[in-house]
Amino acid sequence: MAREASTSRKLTYTVIGWSIGLLIFFPVIWTFLTSFKTEGEAIANPPSFLFFNWTLENYHEVQDRSDYLKHVINSVVISFGSTGLGLLIAVPAAWAMAFSPGKHTKDILMWMLSTKMLPPVGVLVPIYLIFRDYNLLDTQLGLVIVMTLINLPIIVWMLYTYFREIPGEILEAARMDGASLGKEIVYVLAPMAVPGIASTVLLNLILAWNEAFWTLNLTAAKAAPLTAFIASYSSPEGLFWAKLSAASTLAIAPILIIGWFSQKQLVRGLTFGAVK
Amino acid sequence: MATLHTRTSARYMMAPAVLLLLAWMLIPLGMTLYFSFLRYNLLMPGMEEWTGFLNYKYFLTDPAFDDALINTLLLVGGTLLITVIGGTLLALMLDQPFFGRGIVRLMVIAPFFVMPTVSALVWKNMLMHPVYGLFAWLAKSVGLPPVDWLAQVPLLSVIMIVSWQWLPFATLILLTAMQSLDEEQKEAAEMDGAGAISRFIYIVVPHLARAITVVILIETIFLLSVFAEILVTTNGGPGTQSTNITYLVYSLALLQFDVGGASAGGIVAVILANIVAIFLIRMIGKNLDR
Amino acid sequence: MGNIRLENVKKAFGDAIVIPDLDLEIENGEFVVFVGPSGCGKSTLLRLIAGLEDVTGGKIWINGRDATGEAPASRGLAMVFQTYALYPHMSVYKNIAFPLKMAGMDKKAIDDKVRGAAETLNLTDFLHRRPGQLSGGQRQRVAIGRAIVREPKAFLFDEPLSNLDAALRVAMRLEISELHHQLKTTMIYVTHDQVEAMTMADKIVVLRAGIIEQVGSPLDLYRSPRNRFVAGFIGSPKMNFVEGDKAAKRDAYAIGIRPEHMTLSTDDGQWPGTVRVSEHLGSDTFLHVDVEGAGMMTVRSDGDVPIDHGVRVFLTPDEAKLHRFDADGKAL
């Protein structure tokens, strides 16, 4: 049994914990606050923390000037597209590996994982040239394909660990109860697999949304998702911090929320089940 | 049930995933390998010719490679040091009961979900800017001269940014591992007369050893390929002061259009990553047998 | 109706032969228990009957019909699994209703049957809970409920009580026996616990390494075990075995005597020895005696015997209830 900590101890930890937490979280808070400032206030010295004229102007400007929505759509298409396509390919594979493992199942899994460890620069040149020759540069389709392939090992792996937790006896019980393969899948397997698939989807959305090697190298103005769009703010001319903050806040908010909901699965997915 | 039948269908179910990954791995990698032996520049089309190991010779003897290799090692090593030690401390802290722990936990893991380009730009502009940045303001308020982070200590700056991004990962994994430690084990050690520090050294650390190894290996894989953070902050500079191998290959390929040289660099990067990957794969493989 | 006949049944997993060649006849309405140490093939045998594994050779007849190639569902058997295998995402009601739904029964009939079964098993109040919210015993009853509603030709139980605590195990044992008396359906029950076998079975099948060592009623097996393995496996505490002089005197390689078939005395008897441990259960006392020239033996005595560690005692076997075995372990 865990013991009750003394109140004074608890208070000490509360102070330390919150201080450190706020410190680490500060850049995010700061970005959020800055997004409501005017450009002048954003670079004011000394900085103003809360007492400034809150304005939504930056959010309008980001959209008006650079067609922000287009990049949001690109991000959505690329992350959801690659996740969907990835699932389509990975679910059957993980299913087969979990429920009728053969002699080489483990080797195949390990090999799949090893492809994830291939550094992207190792294949940058040929992928760039292939994309150029097939007119895939700066297209949503091209990015969906690459994103699907780079995350496929993680999807297969995560699904496999989840599927493997479904006890075999339950499937046998369903068979004894007279369920055909179709009914077994609809009534028994699918409901039990849904939580695992959902976690996999969440993790993959996060990874695809934030991916910033291929998106930077393979897109330009047309198909650039938010990662690449925001990188364009790095140009030295002019200080558009408030607008950068507004664009950034919008870009990270959805994924931050998804991420907070899927902490546990994250550990599992990113360590390939090595830590649960 | 007809086991033979399910075996066959299992094979068909696995085929798309296996074939796609096989293609993804073999075709581009094979092309990289092939290009690495060619003199091949996109600015001089039609001039391709076989050069043997010349590209490797140029790449490996280029002083930029030495810098990039050292920078890569410093970047990976420095970030690992900060995130593993910081992550352990943070995990220990988050393992204690206190008010609002859940919220603090959310705040601590948040940086991991911030896309690399955003974190790099926020740090570069709003924190590290020598005139308007918060760090400059803080330095001036205590009477110190402000530091021009990205110009004076570019690599350290990149390490700081990357560490901020990866600290949550280490924390989360170590915390998960810590919480999986059997409370009774700690109590048994307490009954055996172990104090808080001995308990940490003899019970908690060995339990965490595995998780720490996993953190180190996985972070290494990703840190070897840090790219966006460098691209949007320093562009590898000044000079090559913050160029890592990934960035060097990128600049050879897409800035100088030297396909041959970039390919040779890519192969070198693959070899470096594989050294780490072998250890990681072994560990995960062992885990699979359990 | 539910008689099951196994004819030359063989099962191998790759090169590992689990069941070399087995014949068995199970009569309608019988409560048959397969018992044996772990790895003896008893669960495999049950799964072969269920159709969850394919036989490598031989035939399985159910009610005189060759069921060897039939799918599990069409054999008309119901199974209760060791882990209960309840569907975690369905309520108790839906769990019990599942086989009926699969059989395409109409809603009204399903409802009647599920409620009937719930009544029998005292589950009425829990029908809308999920399995995760139930205790071990309740889950067990849901698993049984799911089996009952199908009105199967036979029930198959795969170590159903092994995940329950001791008190609950006794209670569920009674409930299952009671159920058998009510339904009068054939039941095949796999366990490694000889107490469960003795208390519940009409017929016990003792298995070792995929071979049937003996088939018979509990008392048959207790009274006349065919070999040393069965003799040692059935009965608790275990039968004592003695080799050497004491056996030779009785024209046997080894003799076996149950703890309850020896008389204990502090002054006089055949085999002198020293008490090492005495276990006072209240109703009985089990003494572990170091017998001179024979090693440790267990003897059962009255509950109020005031003998403890170190006391010198004498044991006298009841010659009529002594078992004699040859060098191969066969009963003489």
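Lettering follows sequence order; numbering is per chain, from 1.
Two residues are said to be in side-chain contact when any heavy atoms from C-beta on lie closer than 4.5 Å; A:W111 and B:L21 meet this criterion. Residues A:P126 and B:I27 form no side-chain contact, since every pair of their non-hydrogen atoms from C-beta on lies 4.5 Å or further apart. Side-chain contact between A:L22 and B:M107 is present, with at least one heavy-atom pair separated by less than 4.5 Å. A:V125 has its side chain within reach of B:S263: a pair of non-hydrogen atoms, C-beta onward, lies under 4.5 Å apart. The shortest side-chain heavy-atom distance between B:V18 and A:M112 falls under the 4.5 Å cut-off. The closest side-chain heavy-atom distance from A:F25 to B:V108 is not below 4.5 Å. Between B:M126 and A:P27 the shortest side-chain heavy-atom distance does not fall below 4.5 Å. B:Q96 is listed as a side-chain neighbour of A:R9, based on a closest heavy-atom distance under 4.5 Å.
Using a 4.5 Å cut-off between heavy atoms, B:L167 touches chain A through its side chain atoms alone. In this structure, chain B has heavy atoms under 4.5 Å from both the backbone and the side chain of A:I230. Contacts of A:F213 with chain B are made by both backbone and side-chain atoms, with heavy-atom separations under 4.5 Å. The part of A:L216 that comes within reach of chain B is its side chain, from C-beta onward, which places non-hydrogen atoms under 4.5 angstrom from that chain. Both the backbone and the side chain of A:I255 come within contact range of chain B, each with at least one heavy atom under 4.5 Å from a heavy atom of that chain. For B:L254, the part sitting under 4.5 Å from any heavy atom of chain A is the side chain, from C-beta outward, and nothing else. With a 4.5 Å cut-off on non-hydrogen atoms, B:L134 touches chain A through its side chain but not through its backbone. Residue A:A90 does not touch chain B at all, counting heavy-atom pairs closer than 4.5 Å. Neither the backbone nor the side chain of B:V215 comes within less than 4.5 Å of any heavy atom of chain A. With a 4.5 angstrom heavy-atom cutoff, A:L124 touches chain B only via side-chain atoms. Heavy atoms closer than 4.5 Å to chain B are found in both the backbone and the side chain of A:W209. Heavy atoms of A:F229 lying under 4.5 Å from chain B are absent altogether. In this structure, chain A has heavy atoms under 4.5 Å from both the backbone and the side chain of B:L20. For B:L272, no part sits under 4.5 Å from any heavy atom of chain A, backbone or side chain. Using a 4.5 Å cut-off between heavy atoms, A:S232 makes no contact with chain B at all. Looking at B:L127, only its side chain comes within 4.5 Å of chain A, counting heavy atoms on both sides. For A:T148, no part lies near chain B; criterion is any non-hydrogen pair under 4.5 Å.
The shortest non-hydrogen separation linking A:G122 to B:T32 is O-OG1, 2.7 Å. Here the shortest heavy-atom pairing between B:S225 and A:P119 reads OG-CB, 3.8 Å. Here the shortest heavy-atom pairing between B:A269 and A:V121 reads CB-CG2, 3.7 Å. Residues A:K116 and B:F222 come closest through the heavy atom pair CE-CZ, 4.4 Å. Taking both residues in full, the closest heavy atoms of A:A96 and B:M13 are given as CB-CB, 3.9 Å, listed atom of the first, atom of the second, then distance.
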Worked check of side chain to side chain contact (heavy atoms under 4.5 Å, CB included) between B:V122 and A:T34: CA-CA 10 Å; B:V122 166; A:T34 307; over 6 Å; no
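Atom CD1 of B:I109 and atom CH2 of A:W260 lie 8.0 Å apart (nearest 0.5 Å). In this structure, the separation between CG on B:L22 and CD1 on A:I108 is 10.5 Å, given to the nearest 0.5 Å. Residue B:N274 holds its CG atom at 8.0 Å from OG of A:S114, rounded to the nearest 0.5 Å. Atom NE2 in A:H104 sits 10.0 Å away from atom CE in B:M14 (nearest 0.5 Å).
Interface remark: of the candidates A:V156, A:V146, A:N217, A:N217 forms the most heavy-atom pairs closer than 4.5 Å to chain B. Per-residue heavy-atom pair counts under 4.5 Å with chain B were compared for A:I89, A:L11, A:V15, A:I155, and the maximum is reached by A:I89. The choice from A:I252, A:T115, A:L149 that makes the most heavy-atom pairs within less than 4.5 Å of chain B is A:L149. Contact tally against chain B (heavy-atom pairs below 4.5 Å) for A:I130, A:L129, A:I206, A:L207: the top residue is A:L129. Contacts with chain B were tallied for A:Y128, A:F99, A:W30; A:W30 has the most, counting heavy-atom pairs under 4.5 Å. Note: B:A110 leads B:A277, B:A110, B:A15 in heavy-atom pairs under 4.5 Å with chain A. Of the listed residues (A:A228, A:S248, A:G86, A:G17), the greatest number of heavy-atom pairs within a distance under 4.5 Å of chain B belongs to A:G17. Listed options B:P16, B:A273, B:P116 were ranked by heavy-atom pairs under 4.5 angstrom with chain A; first place goes to B:P116.
The closest donor-acceptor contact from the side chain of A:W18 to the backbone of B:F99 lies under 3.5 Å. For A:N210 (side chain) and B:F113 (main-chain N/O), a donor-acceptor pair under 3.5 Å exists by modelled atom type. For A:W241 (side chain) and B:N125 (main-chain N/O), no donor-acceptor pair under 3.5 Å exists by modelled atom type.
Residue A:F261 qualifies as open at atom CZ: its count of foreign heavy atoms under 6.0 Å is 12 or below.
Judged as a ring-ring contact (aromatic ring centres under 6.0 Å, His included), the pairs with a partner in residues 15-36 of chain B (not counting sequence neighbours) are, in order, B:F35-B:Y40. Counting only residues at least two apart or in different chains, side chain to side chain donor-acceptor pair (under 3.5 Å) contacts with residues 244-254 of chain B comprise B:N235-B:Y247.
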